[in-house]
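Heads up, the thing below is written out as structure tokens.
Everything quoted here is computed from the prediction, not taken from an experiment.
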Amino acid sequence: MAHVVSSLDQPSNYKDSQTRVDRQKQNDLLAKSTTLYIGNLSFYTTEEQIYELFTKCAGPEDGGGIKRIIMGLDRNTRTPCGFCFVEYYTHSEALASMRYVSGTKLDERIIRCDLDLGYKEGRQFGRGKSGGQVRDEHRQDYDPGRGGWGAQAQRMEIERRREVEERYADAQDGPGAVAGGGGDWKQEDNPSPNKTLKRGRSPEENNEEERAGQRAKVDEDTTM
């Protein structure tokens, strides 16, 4: 049955795509490696959570234990982007983690562990165009644990919203736009309490008042 069920403590086909070491040399290094690459992490998983899980396979009483944890970071924002490196003191501890931890859940996500050739400075940053991991660059599904939509889908949505806003702005300024203003009418509709409004006099009323004044003056001259 050994040829049917693959061993849980053997590395997968994962290899660092930027390594310059040939396949045979890689296999020799993996056979002694004490470093694990951990993938499919939530962006919100903390270093403390990772330590608590992976320390279960550590053997400090035998001179082992976790040497360090390097969190994977977005190249632009310097925030976690879903992977890390766990470095043990011994190769046997790394193999034990592959056997017992890989494929288990952490923060409701099934994580995967692979032997790594060894951490080097700069590998903690994502290699995607947007700064994160390449797998999140082209992802089309919505994954709340890994920032929602993939980077390309997010860029398309931002572009779509910008086009809608530009069309709306053009409609507001172009022909058929609703005119603004009306401030003077609003002021007349709400007169101040101290202001008395009077009805305007018609031309006939003004003429009648003028004739009445003339008759009064004639009567006054006659009586004198």
- [ ] Kindly indicate, with the supporting measurements, whether the criterion side-chain contact (heavy atoms from CB on, under 4.5 Å) is fulfilled by Ile38 and Ile50.
- [x] CA-CA 10 Å; Ile38 316 302; Ile50 295 170; 5.6 Å; no
Flag for [Y]-[X]: side-chain donor and acceptor within less than 3.5 Å:
{"X": "Ser97", "Y": "Tyr88", "result": "yes"}
{"X": "Asp22", "Y": "Gln26", "result": "no"}
{"X": "Thr79", "Y": "Asp74", "result": "no"}

With a 4.5 Å heavy-atom cut-off, do [X] and [Y] have their side chains touching?
{"X": "Ser42", "Y": "Thr45", "answer": "yes"}
{"X": "Arg109", "Y": "Asp143", "answer": "yes"}
{"X": "Phe54", "Y": "Cys113", "answer": "yes"}

Main-chain N/O of [Y] paired to [X] side chain as donor or acceptor, under 3.5 Å:
{"X": "Asn76", "Y": "Ser130", "result": "yes"}
{"X": "Asn40", "Y": "Ile110", "result": "yes"}
{"X": "Arg75", "Y": "Gln124", "result": "no"}
{"X": "Thr104", "Y": "Val101", "result": "yes"}
{"X": "Gln49", "Y": "Leu106", "result": "no"}
{"X": "Glu47", "Y": "Met71", "result": "no"}
{"X": "Ser33", "Y": "Thr35", "result": "yes"}
{"X": "Arg127", "Y": "Val134", "result": "no"}

Can you name the salt bridge (charged side-chain N to carboxylate O under 4.0 Å, His left out) partners of [X], sequence neighbours left out?
{"X": "Lys67", "value": "Glu87"}
{"X": "Arg135", "value": "none"}
{"X": "Glu137", "value": "Arg155"}
{"X": "Arg112", "value": "none"}

[atom1] of [X] to [atom2] of [Y]: how many Å apart, nearest 0.5 Å?
{"X": "Tyr89", "Y": "Thr34", "atom1": "OH", "atom2": "OG1", "result": "10.0 Å"}
{"X": "Leu115", "Y": "Ser102", "atom1": "CG", "atom2": "OG", "result": "10.0 Å"}
{"X": "Glu48", "Y": "Leu53", "atom1": "CD", "atom2": "CG", "result": "13.5 Å"}
{"X": "Tyr51", "Y": "Ile69", "atom1": "OH", "atom2": "CD1", "result": "7.5 Å"}
{"X": "Ile70", "Y": "Lys120", "atom1": "CD1", "atom2": "NZ", "result": "14.0 Å"}

Can you name the closest pair of heavy atoms from [X] and [Y] and give their distance?
{"X": "Met98", "Y": "Leu36", "value": "CG-CD2, 3.6 Å"}
{"X": "Ala58", "Y": "Gly65", "value": "CB-CA, 3.6 Å"}
{"X": "Leu41", "Y": "Cys84", "value": "CD1-SG, 3.8 Å"}

TODO: Applying side-chain contact (heavy atoms from CB on, under 4.5 Å), name anything that partners Lys32, two or more places apart in sequence or on another chain.
DONE: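 In terms of side-chain contact (heavy atoms from CB on, under 4.5 Å), with neighbours along the sequence ignored, Lys32 is linked to no residue.
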Open item on the list: Please determine whether a side-chain nitrogen of the Lys or Arg among Asp136 and Arg139 lies less than 4.0 Å from a carboxylate oxygen of the Asp or Glu.
Closed with: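 Here Asp136 pairs with Arg139 in a salt bridge, since their nearest N and O are under 4.0 Å apart.
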Open item on the list: Show every ring-ring contact (aromatic ring centres under 6.0 Å, His included) that has at least one partner inside residues 103-145, sequence neighbours left out.
Closed with: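 Found Phe85-Tyr119, Tyr142-Trp149.
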- [ ] Could you tell me whether Glu61 atom CD has more than 12 heavy atoms of other residues or ligands within 6.0 Å of it?
- [x]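 Buried by this count: over 12 neighbours within 6.0 Å.
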TODO: Carefully, step by step, assess Cys57 and Glu93 under the rule side-chain contact (heavy atoms from CB on, under 4.5 Å).
DONE: CA-CA 6 Å; Cys57 296; Glu93 292 171 309; 5.7 Å; no
